[in-house]
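Single-structure report; data block below.
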Amino acid sequence: MLTPQELLWLLAAVARGDQVAFARLYTATRAKLYGVVLRILRRTDLADEVMQDTYLRIWRSAATFDPRVATPITWMVAIARNRALDLVRKKSESSTDDNPDALEVPAEQPDPLARRQMTEELKRLLACLSDLEEDRRRMVLLAYYNGWSRDQLAAKFDRPVNTIKTWLRRSLAQLRECLGDGD
Amino acid sequence: MATDEDRDSLAAEYVLGTLDLETRADVEAQIATDPDLAQRVHRWERQLGELNGLVAPIEPPAATWDAIQARLAAGEASSEPRSGRSPTDRGAGIVDLTRQLNRWRSIARWGGALAAALIALAAARELRPDLLPQPLRPRTVIQVVEKPVEVPTPRPAEFVAVLQQAAASPGFLLTFDFDQRALIIRRLGAEPQTGKSYELWLVSDRLGAPRSLGVVGSDEFTIARPLQALEPAIINAATYAVSLEPSGGSPTGGPTGPILYSGRLVQATPGQGGRNP
């Protein structure tokens with residue numbers, strides 16, 4: 001992965017229509033974005049579709065990227081996640097054989113080996129998450145990493161959807177409190 | 001009236017991803033018109049986005065990039081030349097640009113004014129993967145055909161560069177036809193000079209010395225086909241220059257006379273505001 005500064009530079013070039021920069025940006029970020037969307041979609045064909053949409057969007061919208069609001073990778077991952085979440089919701093709402101249990105993944109923290117590369121902000125977030133009750137922490141991580149909906153979480157934790165909604169709301173408020181306004 | 005907490009909760013759940021499709025669409029619509037909600041969403045994206053640092057990278061299949069390129073070329077956003085090479089290869093050109101500019105500046109010292117201003121049209125939908133660049137060879141055979149041609153009609157697969165001394169005095173117009181692997185040089189303001197020849201050079205850090213693309217004919221149009229052995233990444237990122245040489249071209253293989261005109265190929269800004277259906 002390139003540094004945030006290098007990614008900024010590339011995004012600026014992409015905003016000017018620089019196709020070589022776009023190829024380089026893709027090379028630098030594709031594996032991270034693919035990792036993110038594949039966890040949510042769990043199907044390579046869907047992940048491939050989302051990757052295409054995401055990078056086309058990045059190509060078109062690079063000029064609207066605002067470095068005051070996000071780092072390049074945060075911005076790009078947000079685009080990818082939103083596409084993946086929209087697609088996975090569409091799929092689950094249109095299919096009846098959706099079984100949340102089948103989507104279970106073993107670990108909520110996908111890559112513990114990366115710990116030494118953690119940013120201060122990530123360490124702080126993890127510290128705040130560890131203050132949550134275990135079920136609620138798992139719920140937040142399953143939602144973020146695997147794209148689980150309230151309904152899927154309700155099935156997984158065997159609670160009514162309204163309870164899940166309340167848990168989520170309280171957990172997120174607690175996180176907000178712990179993290180502060182940040183940045 | 002929603003409280004701040006409601007709004008923040010909505011923003012957080014949107015970013016977390018737990019909302020249903022309809023609510024997600026509602027939030028997205030609101031973000032566009034509600035700066036406060038947008039700011040909350042962005043904060044959560046920053047804060048929760050840290051979790052992505054723990055996601056193990058997974059290489060997507062190579063076909064993904066091909067599909068992105070194909071969709072760009074098909075006009076979904078703008079156009080993109082199909083080089084068929086891996087992005088890594090093509091991307092290497094970016095770093096080279098800086099070095100190449102430095103080199104270019106040093107080359108320019110012996111020459112005339114360097115004024116690079118360019119226009120470029122990029123519409124490469126006809127580019128085909130079977131026109132792959134051959135491996136870069138140590139020596140390139142340059143074949144220059146000098147003949148008058150009809151004024152070329154606009155073709156999709158073209159890149160254009162204007163070589164000029166100043167914005168108001170374009171000397172040559174280069175049209176790159178990647179489809180035909182050809183370079184069409186049109187003489188504009190540059191007057192033929194007796195006993196001298198104009199010679200076109202490609203300057204790329206990846207090639208070392210400036211590469212002659214041939215002597216520009218005295219006719220209005222010259223067609224050169226020197227591009228077969230060059231990678232698109234080099235062609236795209238190179239500086240193009242015209243120097244004034246003894247009649248018939250440089251006797252040394254490198255530029256000896258002053259650089260009169262130069263320019264670089266850049267892509268046109270992609271269609272901003274174009275959106276997916």
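Below, read A as the first sequence line, B as the second, and so on, with proteins coming before strands; counting in each chain starts at 1. Both backbone and side-chain heavy atoms feed into the values below; hydrogens, waters and symmetry mates do not.
Annotation: the span from A:Thr74 atom OG1 to B:Gln47 atom CD amounts to 11.0 Å, rounded to 0.5 Å. Taken from OG1 in B:Thr23 to CZ in A:Arg89, the straight-line distance is 10.0 Å, to the nearest 0.5 Å. Expressed to the nearest 0.5 Å, how far OG1 of B:Thr18 lies from CD of A:Gln152 amounts to 10.5 Å. Distance check, rounded to the nearest 0.5 Å: CG of A:Leu179 to CZ of B:Arg46 gives 11.5 Å. To the nearest 0.5 angstrom, B:His42 atom NE2 is 10.5 Å from A:Trp75 atom CH2. Atom CG of A:Leu125 is separated from atom CD of B:Glu50 by 7.0 Å, given to the nearest 0.5 angstrom.
Within a 6.0 Å radius of CG in A:Asp66, more than 12 heavy atoms belonging to other residues, nucleotides or ligands are found. For CD of A:Glu177, the number of neighbouring non-hydrogen atoms (other residues, nucleotides, ligands) closer than 6.0 Å is 12 at most.
Of the two parts of A:Val77, only the side chain, counted from C-beta on, holds a non-hydrogen atom closer than 4.5 Å to a non-hydrogen atom of chain B. Interface remark: B:Glu28 contributes side-chain atoms only to the contact with chain A (heavy atom separation under 4.5 Å).
Heavy-atom pairs under 4.5 Å with chain B peak, among A:Ile164, A:Thr44, A:Asn82, A:Val140, at A:Asn82. No other option in A:Leu168, A:Asp86, A:Val36 has as many heavy-atom pairs under 4.5 Å with chain B as A:Asp86. No other option in B:Pro60, B:Ala63, B:Ala38 has as many heavy-atom pairs under 4.5 Å with chain A as B:Pro60.
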Could you go through B:Trp65 and A:Thr27, starting from their C-alpha distance and side-chain angles, then the distance that decides it, and tell me whether this counts as side chain to side chain contact (heavy atoms under 4.5 Å, CB included)?
CA-CA 9 Å; B:Trp65 176 245; A:Thr27 303; over 6 Å; no
Does the side chain to side chain contact (heavy atoms under 4.5 Å, CB included) test come out yes or no for B:Thr64 and A:Tyr55, once each step is laid out?
CA-CA 10 Å; B:Thr64 303; A:Tyr55 279 93; over 6 Å; no
Could you walk me through whether B:Leu54 and A:Leu126 pass the side chain to side chain contact (heavy atoms under 4.5 Å, CB included) test, one step at a time?
CA-CA 11 Å; B:Leu54 295 177; A:Leu126 292 178; 4.2 Å; yes
CA sep, side-chain torsions, deciding dist, call: B:Leu51, A:Leu129, side chain to side chain contact (heavy atoms under 4.5 Å, CB included):
CA-CA 11 Å; B:Leu51 289 172; A:Leu129 281 167; 4.0 Å; yes
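Judged as a ring pair (Phe, Tyr, Trp, His ring centres under 6.0 Å), and not counting sequence neighbours, B:Trp44 has no contacts. The side chain to side chain contact (heavy atoms under 4.5 Å, CB included) search around A:Asn162 returns A:Lys165, not counting sequence neighbours.
A distance-only check finds a donor-acceptor pair linking the side chain of A:Lys32 to the backbone of B:Asn52 [under 3.5 Å].
Taking a cutoff of 4.0 Å between a charged side-chain nitrogen and a carboxylate oxygen, A:Arg150 and B:Glu13 qualify as a salt bridge. Salt bridge present: B:Asp6 and A:Arg169 bring a charged side-chain N and a carboxylate O closer than 4.0 Å.
No side-chain heavy atom of B:Asp66 sits less than 4.5 Å from a side-chain heavy atom of A:Gln52. In this structure, the side chains of B:Arg40 and A:Arg176 come closer than 4.5 Å at one or more pairs of heavy atoms. Side-chain contact between B:Leu48 and A:Arg81 is absent, with no heavy atoms from C-beta onward closer than 4.5 Å.
When all heavy atoms are compared, the tightest approach of A:Glu49 to B:Arg71 is O-NH1, 4.5 Å. Closest heavy-atom contact between A:Leu172 and B:Ala12: CD1-CB, 3.7 Å.
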